[in-house]
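I have placed the structure first, in the form of structure tokens, so that the comments after it can refer back to it.
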Amino acid sequence: MNTRVLTGITTTGTPHLGNYAGAIRPAVEASTQPGVDAFFFLADYHALIKCDDPARVARSRLEIAATWLAVGLDHERVTFYRQSDIPEIPELCWLLTCVTAKGMMNRAHAYKASVDQNVAKGVDPDDGVTMGLFSYPVLMAADILMFNANRVPVGRDQIQHLEMARDIAQRFNHLYGRDYFTLPEVAIEEDVATLPGLDGRKMSKSYNNTIPLFEGGAKALRASVMRIVTDSRAPGEAKDAESSHLYTLYRAFATQAESAVFRKQLEDGMGWGDAKQALYEHLEERLAPMREKYVDLIANPGRIEDILQAGADKARKQALPLMQELRVAVGLRNLNAGAVSGKPQGKKDKEKGARFVSFRDDTGGFRFRLLAADGEELLLSQRFADPKQAGLLMRRLQSESADQVLQVAGEGYTAVIDGVTVAEAPEGVQGDAEARLTRVREALASLAQE
Ligand code: TRP
């Protein structure tokens with residue numbers, strides 16, 4: 001069976017060179033691999049969370065769609081659509097919302113960051129926080145689970161969202177007694193280029209240091225390249241290519257042989273002005289043909305619209321049957337169709353149990369959590385290099401006497417096995433430590449019985 005690769009692009013900005021090299025180019029390349037079914041979509045519902053400027057959202061949808069098509073996305077081969085053209089996605093989002101623990105959402109990084117900022121400012125912790133921001137990960141889970149994606153290529157900042165999608169999927173499958181959803185794997189592209197921006201920090205809209213991909217044409221490209229910071233070495237002086245942002249940018253768009261030539265020129269003392277001109281010309285040569293297609297597409301939005309509509313039809317052919325099944329699963333059934341029989345294979349009491357969930361953290365380490373039946377996080381493990389070791393400790397926590405393993409430590413508690421702390425109370429949890437410890441004991445005891 002083919003691997004389903006799915007990713008979404010939030011439509012709030014204009015694609016820049018960093019987006020292209022870091023996300024768009026590798027995604028388009030991956031979509032041409034044999035055995036891959038790619039789903040790419042414009043996350044325009046997600047855009048509304050961050051942006052209440054309708055003109056900007058509308059423009060960004062157009063620019064992003066045109067960009068993906070212009071750089072060579074084969075829309076016949078992949079499924080390319082807009083999130084907001086698939087009504088099954090918000091429908092699924094609601095079903096998932098109803099099984100998602102609020103406690104888990106409280107721990108979402110994006111939400112926590114807003115709360116932390118508010119607390120630092122001394123205002124209400126939820127000041128300016130919308131339900132959209134708070135439930136962002138549930139909508140993202142719906143995007144992914146709707147199409148039973150196997151792999152989801154995302155940036156590191158999205159790892160937690162993938163973990164949450166897996167957790168929500170597991171919970172739904174468990175509650176409704178069948179594997180309706182595939183558990184998605186996060187795919188972090190380790191060797192794609194992270195480009196430096198004009199100031200040398202990672203190129204990002206939030207640092208305002210981007211180089212446009214197509215917008216503004218050759219002129220804007222050149223003007224940006226001329227603003228890239230360099231050191232103060234004069235023409236004639238040898239340059240250190242490795243530490244030069246110009247070289248990093250060049251390399252992301254060149255063959256090894258081409259990069260070697262540029263490197264040698266820098267080491268031989270090419271002046272920064274000439275180096276910038278060379279970088280600009282090199283980029284322009286590669287981008288110009290794609291830009292031409294982009295400009296043409298932007299001038300013919302009807303063509304893009306048709307492609308996206310066809311993409312939506314294709315996507316809905318997948319989404320609709322699954323959604324129908326899910327409606328039946330949760331009891332939203334046609335009254336003629338035996339509506340009163342219970343869950344398909346309900347296992348009501350057991351499914352409410354506590355559980356361990358394993359995951360990889362943003363350094364690639366293997367960790368696990370113990371969650372209470374209601375999703376509250378009770379323990380967070382240390383980081384392990386070996387997944388087997390993490391699995392083994394998880395089983396030992398389950399089988400050994402909770403009283404021997406659990407220890408009160410400071411404000412919280414820890415789980416200790418063979419004298420080593422293997423897990424701790426999660427950070428930032430409040431409330432009576434003794435009461436929480438009782439919950440941990442109960443959770444471990446219920447697991448030991450399974
Ligand atoms: N949250 C993602 C981002 O900001 C965009 C996104 C929305 C997404 N839904 C998705 C990515 C589903 C992958 C899968 O980058």
Side-chain angles (χ1 to χ4, degrees), residues 3-16 18-28 30-31 36-51 56-57 60-61 64-65 67-68 73 78-86 88-93 96-97 100 105 108-114 130 132-169 181-189 192 194 202-206 210 311-312 315 318-319 362:
T3 305
R4 286 204 175 173
V5 178
L6 174 144
T7 200
I9 312 98
T10 309
T11 53
T12 46
T14 301
H16 55 68
N19 298 139
Y20 174 70
I24 306 172
R25 185 173 63 187
V28 172
S31 74
V36 167
D37 280 340
F39 289 69
F40 296 140
F41 69 96
L42 307 181
D44 48 2
Y45 279 140
H46 276 106
L48 304 184
I49 296 170
K50 293 195 217 162
C51 179
R56 185 148 140 235
V57 172
S60 174
R61 286 161 108 226
I64 292 178
T67 300
W68 282 70
L73 180 74
V78 311
T79 308
F80 184 51
Y81 56 98
R82 279 176 297 217
Q83 186 185 31
S84 66
D85 283 336
I86 318 292
E88 290 74 23
I89 291 177
E91 191 178 353
L92 173 58
C93 183
L96 299 180
T97 300
T100 300
M105 292 298 104
H109 298 321
Y111 168 66
K112 270 195 356 199
S114 297
T130 63
L133 175 68
F134 187 68
S135 342
Y136 182 112
V138 191
L139 179 56
M140 184 157 158
D143 293 332
I144 298 168
L145 302 180
M146 186 84 264
F147 298 100
N148 279 320
N150 304 107
R151 282 164 55 82
V152 182
V154 285
R156 291 194 169 275
D157 59 327
Q158 301 290 318
I159 294 178
Q160 189 196 33
H161 293 151
L162 258 291
E163 248 176 57
M164 289 176 163
R166 288 172 62 91
D167 192 275
I168 295 168
F181 299 123
T182 305
L183 301 189
E185 302 282 344
V186 63
I188 302 294
E189 310 263 355
V192 304
T194 307
K202 179 181 175 206
M203 191 182 297
S204 160
K205 197 174 59 168
S206 39
T210 61
Q318 304 279 337
D362 46 17

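Note that ligands are numbered from 1 as they come in the structure, with each ligand's atoms numbered from 1 the same way.
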Can you list the residues that meet the side-chain hydrogen bond (donor to acceptor under 3.5 Å, both in side chains) rule with Ser84, with sequence neighbours excluded? Asp44, Arg61
For residues Pro184 and Leu145, determine if any side-chain heavy atom of one lies less than 4.5 Å from a side-chain heavy atom of the other. yes
Enumerate the atoms of ligand 1 whose separation from the nearest heavy atom of Ala43 is less than 4.0 angstrom. 7 (C)
Protein heavy-atom partner closest to atom 11 (C) of ligand 1 - residue, atom, separation in Å: Gly8 N, 3.4 Å
Ring-ring centroid check Phe147 Phe41, cutoff 6.0 Å: no
Under a 4.0 angstrom heavy-atom cut-off, which atoms of ligand 1 come close to Ile144? 12 (C), 14 (C)
Quick check on contacts: which atoms of ligand 1 are under 4.0 angstrom from a heavy atom of Thr10? 3 (C), 4 (O), 5 (C)
Within the side chain of Ser60, is there an N or O that forms a donor-acceptor pair under 3.5 Å with the backbone of Arg56? no
Region of Asp157 engaging ligand 1 - heavy atom pairs below 4.0 Å: neither
Would you mind running through ligand 1 and noting each atom that sits below 4.0 Å from a heavy atom of Thr7? 11 (C), 13 (C)
Please state which part of Leu139 comes within less than 4.0 Å of ligand 1, counting heavy atoms only: side chain, backbone, both or neither. neither
Contact region, Val152 to ligand 1, non-hydrogen atoms below 4.0 Å, reads side chain
Can you find a side-chain donor-acceptor pair between Thr12 and Thr10 that sits under 3.5 Å? no
Using heavy atoms and a threshold below 4.0 Å, how should the contact between Phe39 and ligand 1 be classified: side chain, backbone, both, or neither? neither
Closer than 4.0 Å to some heavy atom of Leu6 - which atoms of ligand 1 meet that? 14 (C)
Over 12 non-hydrogen atoms of neighbours within 6.0 angstrom of CZ in Arg25: yes
Phe40 ring center near Phe80 ring center (under 6.0 Å): no
Between Gln158 and ligand 1, does any nitrogen or oxygen pair lie at a separation below 3.5 Å? yes
May I ask you to decide if Arg4's main-chain N or O and Asn150's side chain share a donor-acceptor pair within less than 3.5 Å? yes
Backbone of Thr182 reached by a side-chain donor or acceptor of Asn148 within 3.5 Å: yes
Minimum-distance protein heavy atom relative to atom 9 (N) of ligand 1: Asp143 OD2, 2.7 Å
Taking every heavy atom of Leu92 against every heavy atom of Ala142, the minimum-distance pair comes out as CD2-O, 3.6 Å
Enumerated ligand 1 atoms positioned under 4.0 Å from heavy atoms of Val154: 11 (C), 13 (C)
Name the closest protein heavy atom to atom 1 (N) of ligand 1, giving the residue it belongs to and the distance to 0.1 Å. Tyr136 OH, 2.5 Å
Lys50-ligand 1 polar pair, N/O distance under 3.5 Å: no
